[in-house]
Every structure is written in structure tokens, then in C-alpha cells.
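Heads up, the thing below is written out as C-alpha cells.
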Amino acid sequence: MKDRYEPSEIEPAVQRDWDAAGTFVAREDPAKPKYYCLCMFPYPSGKLHMGHVRNYTIGDVLARYMRMQGFNVLQPMGWDAFGLPAENAAIENGVAPARWTRDNIAHMKGQLKSLGFGIDWSRELATCDADYYRWNQWLFLRMLERGIAYKTTGVVNWDPVDQTVLANEQVIDGRGWRTGALIEKREIPMYYLRITQYAEELLGALSKLPDWPERVRTMQANWIGRSDGVNLAFPYDIDGRRGELKVFTTRADTIMGVTFVAVAAEHPLAELAATRKAKLRTFVNECRRGSAMEADFATMEKKGIATGLFVQHPLTGAAVEVWVGNYVLMAYGEGAVMGVPGHDERDFAFAKKYGLPILQVIDVNGKPYSTDAWQPSYTEYGRCIHSGHYDGLDYAGATDAIAKDLESKGLGRKQVVWRLRDWGISRQRYWGCPIPIIHCPACGDVPVPDDQLPVRLPEDLVPDGSGNPLAKTPSFLECRCPKCGAAARRETDTMDTFVDSSWYYFRFASADNDRAMVDERAAYWMPVDQYIGGIEHAILHLLYSRFWTRVMRDCGLTKIDEPFQRLLTQGMVLNEIWFRKPASGRIVYHNPADVTATGEGEAPSGVLKSDGQPVEYGGIGTMSKSRRNGVDPQELINRYGADTARLFMMSNVQPEDTLKWSDEGVEGAFRFMKRIWKTVHTHVAGGASGPPETATLDGPQRELRRQVHQALAKVGDDIGRRRTFNTAIAALMELQNLLIRFEDDSPRGRAVMQEALDLVVLMLSPLVPHAAQAMWRALGHSTQLVDERWPKVDAAALVQDTIEIVVQVNGRLRARVPVPAGANEAIAREAALADPGVAKFVAGQPIRKLIYVPGKLVNVVV
RNA sequence: GCCCCGGUGGCGGAACGGGUAGACGCUACGGACUUAAAAUCCGUUGGCCGCAAGGCCAUGCAGGUUCGAUUCCUGCCCGGGGCACCA
């Protein structure tokens, strides 16, 4: 009898069978309903981490389940292969990013295969392949034609040592993360994509995504950030220069309370004033030099300086002084704000600091008002006071009336302002998709013609950390102008890697097409039915993808608006953090596997296994290299096999929740695998068994059969509808506990057992496909388990003659009594009151009321 | 500051439309098997009282609605996340 569970023997053999049969190669079949199940593709960093294993296991379980439901399933995989880590590895090891990336891909692909994911590898793609990124370039050219892509000069973080732009995340305390150099704000020309043109649609369509997590929709809505307000102008005449200072406000109803206006340091009026006053010049330069990071602004002291310039109030004509304020953002609204200290906290503080007048112009719902100290109530909406003929109007009424008056004077109108900015995609980086532009001294910036695509990235360069090697490579740089034929230079900036990931899901449908970006096969597969990935992509990647899909739609490449029908954001994988903090020097982290926990309860403590000395507990956190608390999935697979790894990742918590790593939890999953394996093989050793004759079963046999079919109903619902894989697994474990205790060697008992095990194996097959296939064979089936359909619940098996109902007295549980199934209230009442435990509490008191929930409970109210 | 999500045994968590709180797993303890250990199997495991039968308390805190509240409502406390001089 082969009753020892040996995953290392089972798994490779099953995987070979799938490979040989092309089991997971998806074919377009209009006759079948399609199901496109996609996990966010990985960055090929070297090897898989636990987050990957969790992500792809969730996807694979769903894909396999939907296949059993009769869907034509596509589950592809690719590589988000451009990006900084490859360049950093090159700098450290002197290896070309292309080589490093492709080696990593090969290794990680092997790992994915060893986990038994049902992936259609014939559609594999990597974004660093010219076959792929040429279409980035192609669509970028279409965007240029349509004015969606444009070039302008923007402010960036500039590292003067590395001679490159850094992302905000790469600036730490105002210094470059790699060089430690002081970061400068620089204005350099960059290409932008006009995502703001789609702001309204991207926001409005969020309500059409009911199967996205509420949280993600909220985050996107906040990010897009719609503000409804009024744009108004303060006219000026400064030494004969006439103009208008434009301001955006969401509180036009407070316009009669304006006592100053403030502009950003980059504002033209600030510049004008700076030419006149040395003190202003210094201040303006100071503001400009500050960090480009918005978060830093928030904590900065609010400072300002008067310009001595005056503008006219648009309604009263009164003179209002212009100040330069370091808290005014050039990039939002008009780069200028009207100052209403009476009803804006920041303006209030500013006015107090510089002795500017404070006017109350809103009755804040009768609450006390004093200019001595700020109260949060001052920003409440209320009726206008001290506002001339606007007095008595509420927020909406005043806003309408003021907007109308401004409009008739040509000095303002209602306006919507968005927080969302256009997407700057230029990166002064080597390992990315070249931007297909040629700079000609005569013709300017000339798009590369379609027939010269792709602009290939040379793959043999090794960055050394000083600037972009493309700029030092004549064979790439030097070219001819497509318009005039003169000697010209290629653009050396590459695209943001978020461009690469904004449309890869389309390309999986037509990965082999070298003539078009997408074809009719994309129309068959798109949209993605289920998308699965980390919450960290809630805004950027998912928003860019929604934008890119709409651009493709407007270019006639697709008919869909939304790329992802349904979204599941899986939680992170956490582990304990242990460290030592030497009196001098840096914190040293230790892997939890090297620590023996000694303390219990409130203050966990532990000692290092190697030296027996104490280490400090740092709580629970995401697995990370820097904290050295990662667990290598490969060790898990080597030790327990892919099936146990998969089972553990799906146990204990719902996919959205964080999952705490636990060695004991893995052992628990492994124990379950060994037990079910043994149960199957013990049964099989007794010989073949046919289907049960349901009419002739005795009580325990019928009861087991009922439990089996009840579990089947629950597991199907948990996986298919609720996506709570943890409770599906719990139900299977519960069933397994029943099967172990079911000792009935009669032919009928064995028939019931055979059916139960067949069903358990079918239910397990999406979760632990290798062991399930092997057990399926053992149970006497010659078919491939992956081609089986999800079993149907036998409704007749669920029927019970007698059920147990709960009896409460005054809402407190007092007894459980058996009643015939379908008993009416009278029968249930009689049975309930006859129970001695119930009678004790009723004890002759009059029954005021009796609630009967059929099949569930009786509540006697006395 | 604004927005969102949570708080249930020793631990991770379950309870799906107001109806048996603690499924399932882990830990710990006791037992069987073994020369021994591991593995495996059996049992106990929210707290308190009780020999037992049984009872009382218990889902962050304080109230409310209800025959009945982990679930709904109000206020508060704590934790996590997102956004943040956004005019």
C-alpha cells in the first residue's frame, strides 16, 4: 500500500503531464464563455517572494475553479522587466541589465512552474522585449498626433552627482538616496500624457465598478480630487502694466471677507515684485530651492512677505495687497489664493502673524465668533453677513449670485479643478523603453516614423551610476532626421515603467502579432474578468491602466472602457521582527527562524539560537530584505511541496487580509495533506467500489452522505461567490475529520466512502492540484482531473427527517430539542415546552409571546 | 486635519440577510504507541462557581432599538491604512 505522502515524487510527474498535453494553452472559442484571470505580473528581481506565491495561488485557485465550471479560462504570465533594480545590479556587479533580467526571468519561471500554476506559457511576454515595447512607442506616437502626449518643462528632483532625475520616493531628507547629494529642483523638458483630459470620466466611471473594493475606488476618487468652485480675477494696473490675478476658490461665498491675496514663489507677480525688492528676491529663491516633495510642504512653517503690489477686489474694487506665500502651490489651481482670514484656518494664522485684518462674513450657524482665536466652526457653511446685498444667502445661493455677478463683469465663472496632474513619463534612465523622438537642429523634435519602429534599446550597455549611458553611446545617439535627412540626435530619455504595465493585459491576447498592437483576439478575451494584485497598486498602476485603455478606445483599438471587471487586492505576508540595538551603531535584524521565543503574552522575548543571548521583539511587519524577516518560498517548496505551500497560503485568513507567517501553520497544512492521502489509500486498499444506492442506506451512512453534500455546497459557495478560501479549507478539514471516524466496511458503507472521497478530491483539486490528481488516479479514475467538472450537490442527500432546534427562554439558550423536519409552530412549541430544561425556566409563568423561526429556533417569552 | 477599515479565547481566525458566539487550524496540557525520541493516534483547552447536574459572566468601552445584538443606531477609547499647506 502506497500510503506515504511524497510530494517530491508526485508533483514533477503531474507537471510533466500537463506540459506534454498542453493542458493550459488557451484557445479562443466563441462557443464557450471566456474567463480571463490575471495576476499582476512580477518584476523579475531574482527569485519569488512569499507575496508572489500568495498572489499567484489565489489566481490559480480561481482559474482552476472557473475551468471546472465550464469556462474557457485564460491565465497568462509575463514580466515587468524594465526598471531601476536592474541598473543598480549592473552598477554593483558590472553585469548588463539585459543579462541580469533574463537570468532572473529564467529562474523565476522555473519556480512558478514548480508551484504548479495553470499558466498558458505560450503567451509569455517581457516588457524589455522589443516585440513588446515597440507598441509603447507606436501608441505614444498616436498620442502625440492626438495631443494626448506633449512636451513641456516641469520641475523635478535633480541629483547633481548622478546627473539624473529622481522620483520623489528616492529623495530622503532632501538628499539623493544613492549619492547623498543635496537634491536640486530643476526645470527640464519632459514628455507628459494628458491624463487630466480623462479626469472626469475616470472619476465618474468608478461607480460602474461595483466589483472593485470600495477602498480602492475611494483612493482613486481622492487622488483624482474634484473641487467645484469659482475662478475669479483681481484686475491690476501696476505702473501701467494691466492684467488680472487669477484665483481659484471653493468658498466664493466668503469673497467679501478677502483682505489679501497670496501667490506662489513661481508666480509671475512674485517674479515681478522680486525684480524690485532684494528681500523678495531672496525669499522667492529660498522657496524655489525647497524640496519638490509635497509632504515636506505640509510641515513647513507658513511664511510670507508683502510685495507692495496691489490688485482690485473684483466686486468692491477695493485695493488688496499681494503677498508671496511659501504655502501656495504653483501647480494647483492658478498658483494664487484669495486670503479670507475670517473663514480659513491657514489664512487666519497668516493674518495673525502679519497683522492683516480679519473679517467675519459668514454667520457660522449662530456659534460664537471672535477674531482672537481660531475655532473650527469658522469654516462651516452658513448665511452671508456683512456682505452687502449677498446678506442672508446660504452657501449655494451666495456662490450662484457671486458667480453670476463676476461673470457679468467678465471677472469670473464657476469652474471645476482637479488634483490629478498630467503624467510625466520621461526618465533619464537607461533600462527602459526609448521615447521615439529625434532631435533635429533644423526641424526640432521629430517623431520617429512608424516604419522605423521599434527604436531598439542597445542591450550591451552597463551603467556605471553616472548619468544615462545612452547619452554616451554614439551608435544609439547619432541618426538622421526623418524629415530633412540632416544629422540629428535621438532622445535618450526612456519611458516610466508604469507605461509598460499599463496595457500588458491586452497584449497577452495577441502576444505573437508583429503587425499590430492588438487584434480581434483581444476583443474576445478583454476585459480581464478577475484581476488580482497588491493594494500598493491601488492608485498608480490601476489608474494609469484605466487611462491607457480609454486612449486605446479613442484610437479605435478596443471597444471597452474599463480593463478590469473585478479586482481582488490581496493582503501582505507578515512575519515577526527581531533585532538587537548595540549601544553604538546600527540596528541589527535577525531572521525569526534564528530566534527561540522565550516569553509569553504581553512582552514577547527571545534569544538568538546561535549565541543564546537575548534579542528584542519588534512586532509584526511585512517581510522585507532590510528587516531580514523574509521566508524563502523555495525552502518551503523543497521541504513540504507545492501543494502544502499553496494550501497554507490560502488557509487561516481571507485573501484581502494580511497573512502572518507561521511555521506551525505550515505543519498544520502538511498534516492535513498526509491525513487525506492516507484516508484515500486506506480506502482504496479495500478494492473498487461503485456509486452508493441511496435508497438502501442506513442512518449513519445517510448522515455522512448529507454532511458530504453539505460541505460541497459550502465549498462551492465559498470559492465561487465569497472568495473565502480559508472557510472552504476549514469545511474540507471538518469533513476530513468525519471521514476518519467513519468506520463502515460494508459494501454500502464503502460506496458512501468512495463517493465522499471522489467529491473531496474534486473539491481539493483547485487548491492542491498535484496531490488531487494522484488521489484521483488512486480512486480508480483514468481521466485528467483538470478536465472534470465541478460536482453538483445532490439535493436529496441534504434532506433530514428530524432536525434539532434551539429553544430559548427570554432570548437565552436553554435546550435543543429534536422535531420532525418541516414541523409547524404548534409541534415545535409542544416539543420545546416539554423539555425539562425549558420547563424549569418557564416554571408556570404565563407565556407572553412565542417566536418560532422554522427549522431554527423557538424563543419563549415569559 | 480629512477620508476609509478594523477591535471576538493563549494565538491566526469563524459566525454569509438580527437567531446555538468561538467552526477550522495552531499552541499548551494529559494519555496511547515506543528501549527512547520523532512521527502518528485519542482526549482536554474562553473565564468564574460547582463533586456533579448545572449556573453565571463574556465579542474594545458606555448607552439605545429588539422576544433576541459580534451583527443595527448614538457617543467614546484604541489600532491600522490612505490623502494632505488642494485654496
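In what follows, chains are A, B, ... by sequence order, proteins preceding strands, each numbered from 1.
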Taking the minimum atom-to-atom distance to the side chain of [X], which one of [options] wins?
X	options	answer
A:Tyr327	B:rA14, B:rC85, B:rC86	B:rC85
A:Leu329	B:rU40, B:rA14, B:rC86	B:rC86
A:Asp718	B:rA87, B:rU40, B:rC16	B:rC16
A:Asn859	B:rG68, B:rC42, B:rC85	B:rG68
A:Glu664	B:rG12, B:rC26, B:rA23	B:rC26
A:Lys714	B:rC16, B:rU27, B:rG82	B:rC16
A:Val653	B:rA87, B:rG12, B:rC85	B:rG12
A:Phe248	B:rA15, B:rU27, B:rA87	B:rA87
A:Arg722	B:rA15, B:rG82, B:rU27	B:rA15

Report yes if a side-chain nitrogen or oxygen of [X] is closer than 4.0 Å to either non-bridging phosphate oxygen (OP1 or OP2) of [N]; otherwise report no.
X	N	value
A:Ser227	B:rA87	yes
A:Asn726	B:rA14	yes
A:Arg419	B:rA84	yes
A:Arg226	B:rC86	no
A:Asn737	B:rG25	yes

Quiz item: For the side chain of A:Tyr378 and the backbone of A:Gln360, is there at least one donor-acceptor N/O pair under 3.5 Å apart?
Solution: no
Quiz item: Is A:His313 reaching over with its side chain to a backbone N or O of A:Ile255, donor-acceptor style, under 3.5 angstrom?
Solution: yes
Self-check item: C1' atoms of B:rA21 and B:rC57, separation to the nearest Å
Solution: 14 Å
Practice problem: Mind telling me if B:rG9 is syn or anti? Syn here is a glycosidic angle within 90° of 0. | Solution: syn
Exercise. Take atom CZ of A:Arg217 as the centre, draw a 6.0 Å sphere, and report whether it contains more than 12 heavy atoms from other residues, nucleotides or ligands.
Key: yes
For the residue pair [X] and [Y], is the inter-centroid distance of their aromatic rings smaller than 6.0 Å?
X	Y	value
A:Tyr332	A:Trp418	no
A:Trp423	A:Phe498	no
A:Phe260	A:Tyr354	no

Self-check item: Letter per nucleotide, 5' to 3', of nucleotides 54-60 of chain B [B base touched, S only sugar-phosphate touched, - untouched; heavy atoms, 4.0 Å]
Solution: SSSS---
Determine whether a donor-acceptor pair (one donor, one acceptor, N or O, separation below 3.5 Å) exists between the side chain of [X] and the base of [N].
X	N	answer
A:Arg848	B:rC67	no
A:Asn222	B:rC83	no
A:Gln808	B:rG19	yes

Quiz prompt | Dot-bracket encoding per residue of RNA chain B, Watson-Crick/G-U cut-off under 3.5 Å, | denoting interstrand | solution = (((((((..(((......[....))).(((((.......))))).((((....))))..(((((..]....))))))))))))....
Quiz item: Residues in salt bridge (Lys or Arg N to Asp or Glu O under 4.0 Å) with A:Arg251, at least two apart?
Solution: A:Asp253
Quiz item: Side-chain donor-acceptor pair under 3.5 Å between A:Thr196 and A:Asp422, yes or no?
Solution: yes
Quiz item: Is the Lys NZ or Arg CZ of A:Arg419 less than 6.0 Å from the centre of A:Trp223's six-membered ring, within 45° of the axis?
Solution: yes
